[in-house]
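As the structure is a prediction and not an experimental result, all values here were calculated from the model.
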Amino acid sequence: SPGYLLHVEDAAAGGILANIEGTAAGGDVILSLWNNGDSNSDTNLLIQAIQANGRYGGDITFGRENASAWSTASNADGFIAFSPVLNNSLTEAMRINSSGYVGIGTDNPGRPFVINSAQNVVASLESTDAHVYLCLMDNTSTLNSSQRIGVTGDDMHFWTDSTERMRIDSAGDVTFAGTVTGTTFI
């Protein structure tokens, strides 16, 4: 007997339990989750992964920012939070707020991308070829890869206007635009 308004159960291993398919050319397929309750309450909509033993695998939460201010559509700001389970504890790991800001390790990112971690190394950019670059640009930069900080092997290099300007090699020697300064630089 179902314990919910909609209960889909299949005893077979694996397989698709539900399929929502749109057949109109160019049309969207939408799965809507609705809560028609009190618009000013702090109510979230959840997608949860739950094992047969009742343990959570994680959830995706569609929530409200400033729930008490949801009395008008102009105040109805929401967020999406991703919460995996670690050591049997459901913990929010990433949030996208109503401004489109992404926070990893924080539920209140104040900038477009924020990583908050107790780790000393909070991000790693890895390439599967011989080079990796972090490109930096503003609205007056001419090319999206002309200003960059990069690594080749154990050497670090700095580029401006699509030209390498400085390199620090694995021995600590510094080269400025082709001129080696030697090991007694600093």
Side-chain angles (χ1 to χ4, degrees), residues 14 16 20 22 26 28-31 33 44-51 55-66 77-186:
I16 298 172
I20 300 171
D28 295 330
V29 176
I30 300 171
L31 172 63
L33 304 173
N44 297 322
L45 297 171
L46 303 170
I47 297 174
Q48 296 180 324
I50 304 173
Q51 299 287 336
R55 294 190 181 173
Y56 287 101
D59 69 28
I60 301 172
T61 304
F62 299 86
R64 300 176 176 185
E65 294 176 356
N66 306 317
D77 297 335
F79 67 86
I80 303 171
F82 300 86
S83 304
V85 172
L86 177 62
N87 299 324
N88 204 31
S89 177
L90 185 68
T91 304
E92 183 176 315
M94 184 175 79
R95 178 178 292 224
I96 304 171
N97 70 14
S98 61
S99 297
Y101 292 0
V102 176
I104 297 175
T106 179
D107 62 3
N108 189 21
R111 301 205 185 311
F113 185 66
V114 175
I115 299 174
N116 184 2
S117 173
Q119 300 291 320
N120 290 331
V121 177
V122 297
S124 178
L125 304 176
E126 299 179 14
S127 175
T128 58
D129 69 3
H131 309 284
V132 65
Y133 297 102
L134 174 63
C135 298
L136 307 169
M137 64 182 292
D138 66 10
N139 64 348
T140 62
S141 299
T142 56
L143 298 170
N144 67 357
S145 63
S146 62
Q147 287 63 246
R148 59 188 177 208
I149 300 169
V151 172
T152 304
D154 293 328
D155 296 351
M156 178 175 264
H157 34 96
F158 302 84
W159 296 61
T160 62
D161 197 25
S162 300
T163 303
E164 183 177 344
R165 305 298 182 173
M166 183 175 82
R167 178 179 292 245
I168 305 171
D169 69 20
S170 60
D173 293 339
V174 178
T175 304
F176 289 99
T179 303
V180 178
T181 61
T183 57
T184 59
F185 180 70
I186 297 180

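- Closest approach of V85 and G58 over heavy atoms only: CG2-N, 3.7 Å.
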request  = Go through the steps for D129 and S127 under the test side-chain hydrogen bond (donor to acceptor under 3.5 Å, both in side chains), then give the verdict.
outcome  = CA-CA 5 Å; D129 69 3; S127 175; 2.6 Å; yes

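- Across I115 and A123, no two heavy atoms sit closer than the pair CD1-CB, 4.1 Å.
- With rounding to the nearest 0.5 angstrom, the CD1 atom of I60 is 10.5 Å from the CD atom of Q48.
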task = Mind running side chain to side chain contact (heavy atoms under 4.5 Å, CB included) on L136 and I149 for me, showing each step along the way?
result = CA-CA 8 Å; L136 307 169; I149 300 169; 4.3 Å; yes

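- Scanning both residues, D169 and D155, for their nearest heavy atoms gives CA-OD1, 3.2 Å.
- In this structure, R148 satisfies the cation-pi test against Y133, with its NZ or CZ atom closer than 6.0 Å to the six-membered ring centre and inside 45 degrees of the ring normal.
- When atom types are taken as modelled, the side chain of S99 and the backbone of Y101 share no donor-acceptor pair closer than 3.5 angstrom.
- Looking at heavy atoms from C-beta onward, D107 lies out of side-chain contact with F79 at the 4.5 angstrom threshold.
- Counting heavy atoms from C-beta on, the side chains of N97 and E65 come closer than 4.5 Å.
- Distance check, rounded to the nearest 0.5 Å: CD1 of I80 to OG1 of T61 gives 10.0 Å.
- Annotation: the span from D161 atom CG to T163 atom OG1 amounts to 5.5 Å, rounded to 0.5 Å.
- Rounding to the nearest 0.5 angstrom, the gap separating the CD atom in Q147 from the SG atom in C135 is 9.0 Å.
- One distance of note links CZ of F176 with CD1 of I168; it measures 8.0 Å at 0.5 Å rounding.
- Smallest separation of non-hydrogen atoms from T152 and A130: CG2-O, 3.5 Å.
- From F113, atom CZ reaches atom CD1 of I96 across 10.5 Å, with rounding to the nearest 0.5 Å.
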key: Intermediate values then yes/no, side chain to side chain contact (heavy atoms under 4.5 Å, CB included), V102 and M94   = CA-CA 7 Å; V102 176; M94 184 175 79; 4.1 Å; yes

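- Heavy-atom minimum distance, L125 versus V132: O-CG2, 3.7 Å.
- In this structure, D138 places its CG atom where more than 12 heavy-atom neighbours from other residues, nucleotides or ligands lie under 6.0 Å away.
- Using a 4.5 Å heavy-atom cutoff, the side chains of R167 and V174 are not in contact.
- Looking at E164, its side chain never comes within 3.5 Å of a backbone N or O of A177 through a donor-acceptor pair.
- Listed here is the closest heavy atom pair of E92 and T106: OE2-O, 4.3 Å.
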